Amino acid sequence: QVQLVESGGGLVQAGGSLRLSCVASTRTFNWFSMGWFRQAPGKEREFAATIGRSGGTTSYADSVKGRFTVSRDSAKNKVYLQMNRLKPEDTAVYYCAAGPHPATVAADYDYWGQGTQVTVSS
């Protein structure tokens with residue numbers, strides 16, 4: 001069983017930045033690819049970013065490409081999502097997830113955190 005805990009969310013003005021963190025409680029962190037998803041009120045959960053086991057593979061949704069950067073620190077069992085030039089439409093609950101591959105589909109991930117709220121004011 002893998003437990004994931006996100007942190008770093010909050011309220012920020014449009015154009016600002018936030019860095020989300022997700023810590024995994026597992027000795028096998030390096031076995032997992034990690035993903036970030038988000039869900040806005042009334043909308044389905046959508047893919048934001050993913051990173052492979054070694055950190056060498058990353059992929060982003062078109063809506064965040066060039067503004068968000070995903071990274072991982074295997075020594076700390078953490079994955080990060082650096083979010084720059086935030087927009088009001090980035091407002092959502094952000095979830096990290098662990099799975100066998102750097103996938104863009106939520107169903108391909110086996111473990112999920114509880115989420116952290118990000119609110120971007122205009």
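Everything numeric in this text was worked out from a predicted model, so none of it was measured. Atom set for the values below is all heavy atoms of this structure, side chains included, hydrogens, waters and symmetry mates excluded.
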What pair of heavy atoms forms the shortest contact from [X] to [Y], and how long is it?
| X | Y | answer |
| --- | --- | --- |
| L18 | G8 | CD2-O, 3.8 Å |
| A40 | A92 | N-CB, 3.8 Å |
| S59 | T104 | OG-CG2, 4.3 Å |
| L81 | A49 | CD1-CB, 4.0 Å |
| Y60 | V70 | OH-N, 2.9 Å |
| M83 | L20 | CE-CG, 3.7 Å |

Problem set entry | Validation row: W36, C22 side chains within 4.5 angstrom (heavy atoms) |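 When only atoms from C-beta onward are counted, C22 and W36 do touch, with a gap below 4.5 Å.
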Once side chain to side chain donor-acceptor pair (under 3.5 Å) is applied, what residue pairs with a partner in [range] remain, sequence neighbours excluded?
| range | answer |
| --- | --- |
| residues 20-34 | T26-T28, N30-S74 |
| residues 3-18 | S17-N84 |
| residues 89-103 | R38-D90, R38-Y94, R67-D90 |

Return yes if some donor-acceptor pair links the side-chain N/O of [X] with the main-chain N/O of [Y] below 3.5 Å, else return no.
| X | Y | answer |
| --- | --- | --- |
| N77 | V23 | no |
| T119 | L11 | no |
| R72 | G52 | yes |

Exercise. Think R53 forms a cation-pi with F29, using NZ or CZ under 6.0 Å from the six-ring centre and within 45 degrees of its axis?
Worked result: no
Exercise. Quick one: ring-ring contact (aromatic ring centres under 6.0 Å, His included) partners of F37, sequence neighbours excluded?
Worked result: F47, Y109, W112
Applying the 4.5 Å side-chain criterion to the ILVMFWY set and letting contacts propagate, would [X] and [Y] be lumped into a single cluster?
| X | Y | value |
| --- | --- | --- |
| F68 | I51 | yes |
| V2 | M34 | yes |
| V79 | V118 | yes |

For this session: Name all residues meeting the side-chain contact (heavy atoms from CB on, under 4.5 Å) criterion together with V105; count only those two or more places apart in sequence or in a different chain, and write none if there are none.
Result: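 V105: side-chain contact (heavy atoms from CB on, under 4.5 Å) contacts with A107, D108.
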Exercise. Atom CD in Q1, atom CG in D110: separation rounded to 0.5 Å?
Worked result: 10.0 Å
For this session: List for me each residue that meets salt bridge (charged side-chain N to carboxylate O under 4.0 Å, His left out) alongside K65, sequence neighbours excluded, and say none if there are none.
Result: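 Applying salt bridge (charged side-chain N to carboxylate O under 4.0 Å, His left out) to K65 gives D62.
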